[in-house]
Amino acid sequence: MESLFSLNSSSISPFKPLSLETSKSAISTPRNLSSSVCFTAPTSGSAFSSIGFSRAAMSNPNANGNSKPKIVNGDYGYVLEDVPHLTDYIPGLPTFSNPLQDNPAYSVVKQYFVHVDDTVPQKIVVHKDSPRGTHFRRAGPRQKVYFESDEVHACIVTCGGLCPGLNTVIREIVCGLYHMYGVKRVLGIDGGYRGFYARNTIPLTPKVVNDIHKRGGTILGTSRGGHDTSKIVDSIQDRGINQVYIIGGDGTQKGASVIFEEIRRRGLKVAVAGIPKTIDNDIPVIDKSFGFDTAVEEAQRAINAAHVEAESIENGIGLVKLMGRYSGFIAMYATLASRDVDCCLIPESPFYLEGEGGLFEYIEKSLKENGHMVIVIAEGAGQELLSETMKSTQQDASGNKLLPDVGLWISQRIKEFFSKQKKMTINLKYIDPTYMIRAIPSNASDNVYCTLLAQSAVHGAMAGYTGFTSGLVNGRQTYIPFYRIIEKQNKVVITDRMWARLLSSTNQPSFLRDKEVTEDKKEDIAKVKKGEEPENQLMDDGNCADDLIAKKEVRNEDNEWVLI
Ligand SMILES: Nc1ncnc2c1ncn2[C@@H]1O[C@H](COP(=O)(O)OP(=O)(O)O)[C@@H](O)[C@H]1O
Ligand SMILES: O=P(O)(O)OC[C@H]1O[C@](O)(COP(=O)(O)O)[C@@H](O)[C@@H]1O
Ligand SMILES: [Mg+2]
């Protein structure tokens, strides 16, 4: 990163990097244009040009309050949850032919452009009489675009924690803009949201990004906190940026949503596109996040090591902590993939340590039967069991709760239990590969996935869509409105079949009492009957009423196994 910056700050670029100092001084940017200049006819090349308000008086007469969801209802319960478009608040924008139609690489493709009416259903498991349900706009290139190639001035920012594939997404946005749309001006924002107003920018070209997908991390740097909406939008306006690509998790997409609203309020011809990043896979609606497969794969190395250590010593316990603050997807998938794991603990599934049906009893039983065991624990699991003194009230700069190390805590508790009981001597090895699984480059399939997400985002912005996240829904690239991405977190549903598969693979107790399961199910079944979605979706197929009604074995209040 260092070399990239020194290279850029000294290079002569038509889009001069704005330093913190210069941005405060009276530089010649649209910010300081007098009103007489602002109301002249639009000139291309500036985010400011199409509307022409001075920023002091900026407020778009076509934007009343926050944007409202664009819902289109069709026959048989068809609902399109559409994404905003620049023309929603800037009427009469000119369109241009998509330059892709003259691109020799794509000339062989018969139906290259996506039909304007193409949409993708959120639910693909349906019954004969069920309503067609929610749909999202299909992503892809459109015949008409709302930007001319030399008018576009794009920027890319990465925020939040690392995730394998960030560099691939950056690379493919830059290359997609250059090679598909002939866009030559792309800036990297340094170090997350605060980079918009506190750092120099990084000019990005296909040459600069050529090899970056082979590296972990993000060449742009990232950060938590520092989201100052008006400073960010001022910076976008000052630099004449008109396409903003924002790569990040749930927090980042919330930030992107408010940036979009402010841009719309100011009436700027600026498209805001999100690309969802989350190693925890906690973003709803989308099939899964990029980098998730890579992380699950890398977690296998830690689980294998834990298994080797555990089976090589008498009463060996290998304990692996994986990421997952509120969602245990990595732990669940890493466990299912490995088959060496005897117990997987995630935030969504409460457990208890002592007594019948508790974790200690299960460990003792497993060691007696097999002589060793492997436990995987997600970082957010069992937080409610930690003593008040251990619980932390601290937050990171973005406001996320900082969790104490549950891996260390549980290791300690297991050791204490067996040493007090004097029943058997155990050998516990604790492995914490937390940062190793997210700091690596993405694997081959995640690279392809990142490419599609990035290209979809580029096609969407060029077509004038804005305020959207590019995401995979049922295997198809779509544009999802921000409000659907940020309204809730994706979580493992422990009354769904995937968790049942896990329980049957590990043989661990569910730690659930009859009452809790039935209450959950009752709520979900009631929702399904009303035509609403159950609390959360499974990644594969958990949204059908039959799944909810499927029989399942659980412990009742008397700790007996019962079928419900
Ligand atoms: N509600 C919010 N409104 C605006 N910005 C937010 C919000 N939540 C988080 N952000 C910003 O988004 C960025 C990333 O958020 P964070 O929660 O750290 O990571 P992630 O996006 O990976 O979930 C930070 O710069 C943070 O300030
Ligand atoms: O130490 P950091 O950088 O704050 O990251 C730790 C956190 O990052 C995560 O991997 C996910 O973070 P994001 O919200 O950025 O996706 C959590 O599982 C973990 O708690
Ligand atoms: Mg997050």
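Start at 1 and go down the list; that is how both ligands and their atoms are numbered.
- Residue contact check: D250 has heavy atoms under 4.0 Å from atoms 20 (P), 21 (O), 23 (O) of ligand 1.
- For ligand 1, the polar-atom distance check finds an N/O of S398 within less than 3.5 Å of one of the ligand's N/O atoms.
- Atom CG of N66 is separated from atom CD of E262 by 10.0 Å, given to the nearest 0.5 angstrom.
- Centroid-to-centroid, the aromatic rings of Y333 and F292 come within less than 6.0 Å.
- Inclusion of V258 in the set of residues having an N or O under 3.5 Å from an N or O of ligand 1 is not warranted.
- At the top of the distance list for atom 4 (O) of ligand 2, counting protein heavy atoms only, stands R224 NE, 3.0 Å.
- Assignment of R194 to the shell around ligand 1 is not supported, since no heavy atom sits closer than 4.0 Å.
- Residue G249 approaches ligand 1 through these ligand atoms, each under 4.0 Å from one of its heavy atoms: 20 (P), 21 (O), 22 (O), 23 (O).
- Between R325, K277, R438, it is R438 that holds the heavy atom closest to atom 5 (O) of ligand 2.
- The closest approach between a heavy atom of G161 and any atom of ligand 2 is below 4.0 Å.
- Here L502 contributes atom CG and C344 contributes atom SG; the two are 5.0 Å apart, rounded to the nearest 0.5 Å.
- Here the heavy atom of the protein found nearest to atom 21 (O) of ligand 1 is T252 OG1, 2.4 Å.
- For ligand 2, the atoms lying closer than 4.0 Å to a non-hydrogen atom of G160 are 15 (O).
- A salt bridge links D405 with K321: at least one charged nitrogen is closer than 4.0 Å to a carboxylate oxygen.
- In this structure, K70 pairs ionically with D88, as a charged nitrogen and a carboxylate oxygen lie closer than 4.0 Å.
- The distance from the OG atom of S470 to the CG atom of L453 is 4.5 Å, given to the nearest 0.5 Å.
- Taking atom 11 (C) of ligand 2 as the reference point, the nearest protein heavy-atom neighbour is D280 OD2, 3.5 Å.
- The one candidate from R137, K68, R484 that meets the salt bridge (Lys or Arg N to Asp or Glu O under 4.0 Å) condition with E81 is R484.
- Polar contact check, K277 against ligand 1: a nitrogen or oxygen pair lies under 3.5 Å apart.
- Residue contacts to the Mg ion (ligand 3): D250 brings an N, O or S atom closer than 2.8 Å.
- Atom 10 (O) of ligand 2 has M323 SD, 2.7 Å as its closest protein atom, hydrogens excluded (heavy atom only).
- Within ligand 1, counting atoms from 1 as listed, the ones closer than 4.0 Å to a heavy atom of N400 are 16 (P), 17 (O), 18 (O).
- Among protein heavy atoms, atom 1 (N) of ligand 1 sits closest to K254 CD, 3.5 Å.
- If you number the atoms of ligand 2 from 1 as listed, the ones under 4.0 Å from a heavy atom of I279 come out as 10 (O).
- With respect to atom 1 (O) of ligand 2, the closest heavy atom belonging to the protein is Y435 OH, 2.5 Å.
- At under 3.5 Å, not a single nitrogen or oxygen of Q253, backbone or side chain, sits near a nitrogen or oxygen of ligand 1.
- Within the structure, the closest approach of G225 to ligand 1 falls below 4.0 Å when heavy atoms are considered.
- Atom 20 (O) of ligand 2 has its closest protein heavy atom at E379 OE2, 2.8 Å.
- The shortest N or O to N or O distance between G251 and ligand 1 is below 3.5 Å.
- Residue R438 is tested with L162, I330, D280 for a side-chain contact (heavy atoms from CB on, under 4.5 Å); the sole match is L162.
- With S223 contributing its side chain and G191 its backbone, the two residues share a donor-acceptor pair below 3.5 Å.
- Salt bridge annotation for K231-D234: absent, with no cationic side-chain nitrogen under 4.0 angstrom from a carboxylate oxygen.
- Ligand 2 lies less than 4.0 angstrom from a heavy atom belonging to G324.
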